[in-house]
Amino acid sequence: MPGDFYQILGVSRDASDKDISSAYRKLARQYHPDVNGGDRDAEARFKEVNAAHDVLGDPDKRAAYNRWGDQWEHAEQLEEMQRQRGGMGGFGGFGFGGGQPFGGQHGGQGNIQFDFGEQFGDAADLGDLFGNLFGGRSGGPGTMPRQPARGRDIEHDITVSLREAFHGTTRTLQRGAAGSRLEVTIPPGVGDGQRIKFTGKGEDAHGGQDGDLFITVHVDDDPVFERRGDDLHVPVDVSLTTAALGGEVAVRSLSGSGRLALRIPAGTQNGRVFRLAGQGMPRFKRDGRGDILAEVRLRMPDPLTPEQTVLFRQLRDLEDGPE
């Protein structure tokens with residue numbers, strides 16, 4: 001039986017999505033095979049962390065796990081059995097035990113049992129019941145035949161630039177000793193450390209269910225833009241005269257022509273930040289985009305021309321006032 005996913009990530013059961021993501025990223029980097037030089041314990045821990053995040057990082061899977069525990073993958077069948085409970089007296093004509101299904105608020109963890117009453121005397125183990133229901137055991141009356149082995153899941157890491165993360169990109173992966181190649185698409189808006197699942201793209205099961213491919217994406221830092229969630233922070237050079245008198249400046253962007261026009265009001269101070277709504281990173285697998293945050297950096301003429309030197313002296317005299 002796998003460990004409790006919340007314990008694996010070291011978070012509480014009421015942890016926020018942000019807390020879960022933060023814990024996952026920390027542990028994934030700690031136990032990543034590239035960091036631990038082939039340490040098998042670290043590799044096993046890395047797989048546990050990824051498995052836990054695959055469930056708790058998905059709202060639907062997390063809800064199923066919170067309710068059904070280790071049997072969360074069978075949530076639809078379990079809920080159907082529960083719906084039939086009133087009309088049919090439970091599965092196979094026998095009722096469930098009282099109380100919350102599968103352990104109540106603890107999400108089904110532990111050695112959970114059904115109470116089948118006098119017909120069976122002691123309670124029946126949940127693992128035996130689901131082994132028969134879902135083909136995990138064979139040989140007994142009414143059991144389902146054992147299913148073909150499932151293909152192994154494959155983990156892969158790729159690194160993309162911020163520009164590629166903005167527009168989306170593709171990568172061609174080399175697979176196995178046979179040298180087969182697979183092209184995968186990375187959607188726009190992907191974040192650093194984000195793990196993407198490609199169903200059925202893992203190991204070929206040769207008649208069974210193919211494994212899944214999990215790609216962890218690393219986004220390189222950009223020399224111009226600083227990413228803050230879905231927003232992009234970018235410096236913009238503004239001359240002293242434009243800051244004082246007002247004017248228009250160009251702001252760098254990752255979309256379109258790569259430049260956006262920004263109106264600077266008169267009297268703009270160094271460090272002021274202007275928000276260009278909807279010009280930031282695409283939201284991963286959602287509509288809309290973040291914003292660009294353009295920070296003013298006043299730029300001195302370098303070097304000063306003789307005429308500029310005269311004008312700056314005149315300005316200084318005006319600021320100092322009469323002696």
Side-chain angles (χ1 to χ4, degrees), residues 9 11 15-32 34-35 46 49-50 53-54 56-59 155-173 183-198 213-238 249-264 268-299:
L9 294 184
V11 298
S16 67
D17 293 342
K18 182 178 180 181
D19 290 339
I20 289 173
S21 178
S22 177
Y24 162 70
R25 292 179 63 180
K26 178 181 178 181
L27 292 171
R29 289 177 177 175
Q30 178 181 350
Y31 293 108
H32 196 283
D34 291 346
V35 176
F46 179 73
V49 168
N50 280 320
H53 181 259
D54 183 52
L56 300 187
D58 183 295
E155 298 279 349
H156 199 87
D157 287 68
I158 66 168
T159 300
V160 301
S161 67
L162 183 62
R163 184 173 294 275
E164 288 177 315
F166 181 92
H167 294 283
T169 188
T170 60
R171 286 289 190 275
T172 300
L173 308 180
E183 184 175 272
V184 295
T185 299
I186 307 301
V190 65
D192 182 46
Q194 192 156 3
R195 189 166 177 258
I196 305 176
K197 177 180 180 180
F198 296 85
L213 170 66
F214 293 90
I215 291 183
T216 301
V217 181
H218 305 281
V219 182
D220 275 341
D221 292 336
D222 189 85
V224 175
F225 298 91
E226 178 187 348
R227 184 175 184 176
R228 300 177 181 177
D230 292 326
D231 295 336
L232 293 172
H233 186 279
V234 60
V236 54
D237 291 336
V238 178
V249 297
V251 177
R252 283 172 286 192
S253 168
L254 288 173
S255 63
S257 64
R259 296 280 175 173
L260 300 170
L262 173 63
R263 184 70 185 174
I264 300 293
T268 294
Q269 298 294 320
N270 184 54
R272 180 173 176 180
V273 176
F274 293 89
R275 182 178 294 272
L276 285 73
Q279 298 296 330
M281 293 292 295
R283 304 189 191 280
F284 184 73
K285 293 186 177 180
R286 293 180 293 153
D287 293 334
R289 287 167 53 182
D291 304 329
I292 281 183
L293 306 176
E295 181 180 350
V296 170
R297 293 186 180 177
L298 294 185
R299 176 173 49 82

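When a residue number appears, it is its place in the shown sequence, counting from 1.
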How far apart are the C-alpha atoms of Phe225 and Leu162, what are their side-chain angles, what is the distance that settles it, and do they pass the side-chain contact (heavy atoms from CB on, under 4.5 Å) test?
CA-CA 8 Å; Phe225 298 91; Leu162 183 62; 3.7 Å; yes

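- Dense packing is recorded around CD of Glu183, with more than 12 heavy atoms of other residues, nucleotides or ligands lying under 6.0 Å away.
- Residue pairs meeting the salt bridge (charged side-chain N to carboxylate O under 4.0 Å, His left out) criterion with at least one member in residues 225-235, sequence neighbours excluded: Glu226-Arg228, Asp230-Arg283, Asp230-Arg286, Asp231-Arg275.
- Here the side chains of Val184 and Leu213 are in contact, with some heavy-atom distance below 4.5 Å.
- Within the model, atoms OG1 of Thr268 and CZ of Arg263 stand 10.0 Å from one another, a figure rounded to the nearest 0.5 Å.
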Under 3.5 Å donor-acceptor pairs involving side-chain atoms of residues 165-173, not counting sequence neighbours:
unit_1 : atom_1 : unit_2 : atom_2 : d
His167 : NE2    : Leu254 : O      : 2.9
Thr169 : OG1    : Arg171 : NH1    : 3.4
Arg171 : NH1    : Glu164 : OE2    : 3.3
Arg171 : NH2    : Thr159 : O      : 3.0
Arg171 : NH2    : Glu164 : OE1    : 3.1
Arg171 : NH2    : Glu164 : OE2    : 3.4

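- Formation of a donor-acceptor pair under 3.5 Å by the Asp58 side chain with backbone atoms of Asp54 is not found in this model.
- Residues passing the side-chain contact (heavy atoms from CB on, under 4.5 Å) test with Lys26, sequence neighbours excluded: none.
- We find the OG-CZ distance between Ser255 and Arg163 to be 9.5 Å, quoted to the nearest 0.5 Å.
- A distance of 10.0 Å separates CD in Glu155 from CD1 in Ile215, rounded to the nearest 0.5 Å.
- A salt bridge links Arg29 with Asp192; the closest basic N to acidic carboxylate O contact falls under 4.0 Å.
- For the side-chain contact (heavy atoms from CB on, under 4.5 Å) with Phe274, the lone residue among Ile264, Asp291, Leu293, Val236 that qualifies is Ile264.
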Can you list the steps and then say if Phe284 with Ile196 is a side-chain contact (heavy atoms from CB on, under 4.5 Å)?
CA-CA 11 Å; Phe284 184 73; Ile196 305 176; 4.2 Å; yes

Applying side-chain contact (heavy atoms from CB on, under 4.5 Å) to Glu295 and Arg272, what does each step give before you reach the verdict?
CA-CA 6 Å; Glu295 181 180 350; Arg272 180 173 176 180; over 6 Å; no

Would you check, one step at a time, whether the test side-chain contact (heavy atoms from CB on, under 4.5 Å) holds for Val234 with Val224?
CA-CA 6 Å; Val234 60; Val224 175; 3.8 Å; yes

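- Rounding to the nearest 0.5 Å gives a distance of 11.5 Å between CG of Asp221 and OG of Ser161.
- Of the possible donor and acceptor atoms, one in the side chain of Arg289 sits under 3.5 Å from a partner among the backbone N and O of Gln279.
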